[in-house]
Engineer: 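Before I ask anything, let me first share the structure, which is written out below as structure tokens.
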There are 2 protein chains.
Amino acid sequence: MRVTIKDVSRVAGVSIKTVSRVMNKEKYVRDETRRRVEAAVAQLNFSPSLAARTLAGSRSFQIALIYDNHSPYYIHAIQEGVWARCRAEGVRMLAQPVDIASENLAQEIGGLIDETHVDGVILSSPVTDAPEALAELERRGIRFVRISPGTNHAITSSVFMDDAQAADDMTMHLINEGHRRIGFILGHPNHMASDQRHYGYRRALDRAGIDYEPDLVRPGLFDFASGMAAAEELLKRRAKPTAIFASNDDMAAGVLSYAHRMGLDVPQDLSVAGFDDTDLAQLVWPPLTTIRQPTRDLAYAATGLLFGQDEGAIHQRLPHELMVRASTTRVRP
Amino acid sequence: MRVTIKDVSRVAGVSIKTVSRVMNKEKYVRDETRRRVEAAVAQLNFSPSLAARTLAGSRSFQIALIYDNHSPYYIHAIQEGVWARCRAEGVRMLAQPVDIASENLAQEIGGLIDETHVDGVILSSPVTDAPEALAELERRGIRFVRISPGTNHAITSSVFMDDAQAADDMTMHLINEGHRRIGFILGHPNHMASDQRHYGYRRALDRAGIDYEPDLVRPGLFDFASGMAAAEELLKRRAKPTAIFASNDDMAAGVLSYAHRMGLDVPQDLSVAGFDDTDLAQLVWPPLTTIRQPTRDLAYAATGLLFGQDEGAIHQRLPHELMVRASTTRVRP
DNA sequence: CTCTTTTGTGACAAGGCTGTCAGAAGAGGA
DNA sequence: TCCTCTTCTGACAGCCTTGTCACAAAAGAG
């Protein structure tokens, strides 16, 4: 029924081991032998059993992507990036959602590794900063790369963007458009990026000589509802902000929604800016001025680092981009 | 380094095979023996090697979810549903995006199955209706369940909602709100659901004695851009529709966007309805009247059927729900 | 009390592949 | 020509678990 390496070896007229050599692109195989084997593989449509390879060898041809992120757009982009790189490498991707707050996070990750023998792990924010997860991975000596970690880590590679600089850029853009009272909605406290973005906002204000008003900064949870709630608080003030900068697009969409409900015209009465440039940014009205975070590219690059031969930890920064769209404008004189 | 079944057997003072029996919940194990083994498993934190189980046994404890859908919200919900059921069953989920239009779709699916030995497959629309995919799965005699297939299939189980009835419901709702000229935006021609929704729209018009005007029906591709383009065409007519019913939320968002751009007030000047009730429906302004498609539940149920013992094909329909929100209203007198 | 059936346990092979090692064949040097 | 070194190939064991079978002990039947 199943086509095994044995069948291939018989058709090609070589030993099992030689077929194995060809499949693994090892050297010491004569060109002609290689061609014969390849022909037999094609003819029989042979796909080696991952289970057997895993058991016998030292690789499993699988990696795991571990995430706990509730933004479908974000994880979709991440999955796509990792997947694309895996595909190129002939490796399978195991997508593994986890609950970062769970008691047995470490145990779950440990179990995953024991069961599947994955060759490596990609950690997506905010799992990147769950100490139990990091400790467990290190304890097992497994190779892993982090996407957009919030903390530094000498041992393992990571890819990221400069959240602080991006928030700084956006804030500066708003200031250049004449805004002085700029509301800011914080991200989820679990995500280290939240701090960075907050910091960038503050730094830009400082540089422009604008006082930082704690009252203009409201908490948020990276979701639509919290964006709406924050907008409500901000717009209830006597001195309304002329612009609101939300730490991600979902919250910015919440701001838009609330503004519309209040009969405010965006951007004439209020400029709204987001962060991430998820698809959502262009699915709302007006389309959001936001920061394009190269999510898919980050995932792709991270996976590349995982497969890389290099021993040391590499920390790779990818560029962001300010996307100016219709949700922000010059403040009215 | 690695904890194996052998270590457990030593600690528990039983044979390897007995540990295996306990792990697989087989009968013919004395209660006390079982407890001893379980204690040893817990103590050593033993997780059996999937690779070895796969190779030795007849199950792989893995299933594959195959999809080719570009709506992040949709596939996110599907993944979540499948994942939840798998978790309950102690089975791993392999998420496998494919290109339904690819030359070697069958080969890719075949390779996946050969490599991973998955115990079953979940097919999500529109892969559910790719003949090569179905043929390949059948050729291999592998068990699979389809989520929202467009075609009937006697052999394998499926879960679905009644797209025609749902579209009928929505159209009827609009008619009841006084609308007579109702524009309709078709879905992607590859998705069988598109036809069903179109049919339901037409059936409701019929029943209400309203003429079906082909001119009010525009093609679409289930994405934002095509929704916007269709809206443009529809709103250029002399006799503008008073309502537009898009076959999914993304396109409805496109309609909203275009309407806003034209300075139309939704819903006063134009009612807009969507389909699916993805998160997006509430992230736009005004929030969309739409059909709640129980995507996650469909996926959960489908996976349940896959694990079920039943031999015959089961076709399970899950209920939809009309979600009336602010994007539609009574037509102005 | 013996004979059959059920229950509980273990020895051993097998599953499909890779790692190790040994050895053959060919290339290069003296 | 003989010997060494490199290139190429195959035999065989082993990875960790489950399936099969054999057998011992306990339970039920007559």
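Letters go in sequence order (proteins before strands), and every chain restarts at 1.
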Engineer: Where the side chain of B:R2 meets the backbone of A:D114, is there a donor-acceptor pair that is under 3.5 Å apart?
Structural biologist: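 Here the side-chain-to-backbone pair exists.
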
Engineer: For A:D31 and D:dT7, what is the distance between atoms CG and P respectively, to the nearest whole Å?
Structural biologist: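 Those two atoms, CG and P, are 14 Å apart.
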
Engineer: Can a side chain N or O of B:S58 be found less than 4.0 Å away from OP1 or OP2 on D:dG19?
Structural biologist: yes

Engineer: B:L55 has a side chain; which of C:dG15, C:dT9, D:dG19 sits nearest to it?
Structural biologist: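 So the nucleotide nearest the side chain must be C:dG15.
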
Engineer: So, the side chain of B:D119 versus the backbone of B:S60: is there a donor-acceptor pair under 3.5 Å, distance only?
Structural biologist: yes

Engineer: When the distance from CZ of A:R36 to P of D:dG10 is rounded to whole Å, what number comes out?
Structural biologist: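 The distance from CZ of A:R36 to P of D:dG10 comes to 9 Å, rounded to the nearest Å.
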
Engineer: Let me confirm one number: the OG-CD1 distance from A:S49 to A:I5, rounded to the nearest 0.5 Å.
Structural biologist: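 Answer for the OG-CD1 pair, A:S49 versus A:I5, is 10.0 Å.
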
Engineer: Are OP1 or OP2 of C:dG10 and a side-chain N or O of B:T18 less than 4.0 angstrom apart?
Structural biologist: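 Answer yes for this pair, as a side-chain N or O of B:T18 is under 4.0 Å from OP1 or OP2.
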
Engineer: With a 4.0 Å cutoff (strictly under), does any side-chain N or O of A:R53 reach OP1 or OP2 of C:dT18?
Structural biologist: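 The answer is yes; a side-chain N or O of A:R53 sits under 4.0 Å from OP1 or OP2.
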
Engineer: Roughly, in whole Å, what's the span from CD1 in A:I16 to P in D:dA13?
Structural biologist: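 For the pair A:I16 CD1 and D:dA13 P, the rounded distance is 14 Å.
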
Engineer: Just the rounded figure in Å: distance from P of D:dT17 to CE of B:M23.
Structural biologist: 8 Å

Engineer: As a test of reading the structure: which of D:dT9, C:dT7, D:dC16 is closest to the side chain of A:V29, going by heavy atoms?
Structural biologist: D:dT9

Engineer: Is the base of C:dG19 touched by the side chain of A:K17 through a donor-acceptor pair closer than 3.5 angstrom?
Structural biologist: yes

Engineer: So which one's nearest nucleotide on DNA chain C is more toward 5', B:G13 or A:I5?
Structural biologist: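 Between the two, 5'-proximity favours B:G13.
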
Engineer: Considering every strand and a 4.0 Å limit on heavy-atom distances, what is the contact class for A:F61: base, sugar-phosphate, or nothing?
Structural biologist: nothing

Engineer: Nearest-Å distance, CZ (A:R35) to P (D:dC8)?
Structural biologist: 13 Å

Engineer: Look at the side chain of A:R21 against the base of C:dG19 and say whether a donor-acceptor pair falls under 3.5 Å; ignore hydrogens and angles.
Structural biologist: no

Engineer: How many angstroms lie between CD1 in B:I100 and CD1 in B:I66, if you round to the nearest 0.5 Å?
Structural biologist: 11.5 Å

Engineer: Which listed nucleotide (C:dT18, C:dG10, C:dG15) is nearest to the side chain of B:A56?
Structural biologist: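 From the listed options, C:dG15 comes nearest.
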
Engineer: Less than 4.0 angstrom between a side-chain N/O of B:T54 and OP1 or OP2 of D:dT17, yes or no?
Structural biologist: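 So the side chain of B:T54 is outside the cut-off, no N or O lying under 4.0 Å from OP1 or OP2 of D:dT17.
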
Engineer: With side chains defined as the heavy atoms from C-beta onward, is the minimum distance between A:P97 and A:D68 less than 4.5 Å?
Structural biologist: no

Engineer: Please determine if a side-chain N or O atom of B:Y28 lies less than 4.0 Å away from the OP1 or OP2 oxygen of C:dT7.
Structural biologist: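 Answer yes for this pair, as a side-chain N or O of B:Y28 is under 4.0 Å from OP1 or OP2.
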
Engineer: Does A:K6 contact C:dG16 through a side-chain donor or acceptor facing the base, at a distance under 3.5 Å?
Structural biologist: no

Engineer: Assuming nearest nucleotide by heavy-atom distance, tell me which of B:H117 and B:R30 is located more 5' along DNA chain C.
Structural biologist: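 Of the two residues, B:R30 wins.
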
Engineer: Starting at CD of A:E26 and ending at P of C:dC17, how long is that distance when rounded to a whole Å?
Structural biologist: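 Rounded to whole Å, this separation is 14 Å.
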
Engineer: For a quick test of reading the model: is some side-chain N or O of B:S20 closer than 4.0 Å to OP1 or OP2 of D:dT18?
Structural biologist: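 For B:S20, the contact criterion (side-chain N or O under 4.0 Å from OP1 or OP2 of D:dT18) is met.
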
Engineer: Looking at B:S15, I'd like to know whether one of its side-chain N or O atoms comes within less than 4.0 Å of OP1 or OP2 on C:dG10.
Structural biologist: yes

Engineer: State whether a side-chain donor-acceptor pair under 3.5 Å links B:H117 with B:T54.
Structural biologist: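 Checked: B:H117/B:T54 side chains show no N/O donor-acceptor pair below 3.5 Å.
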
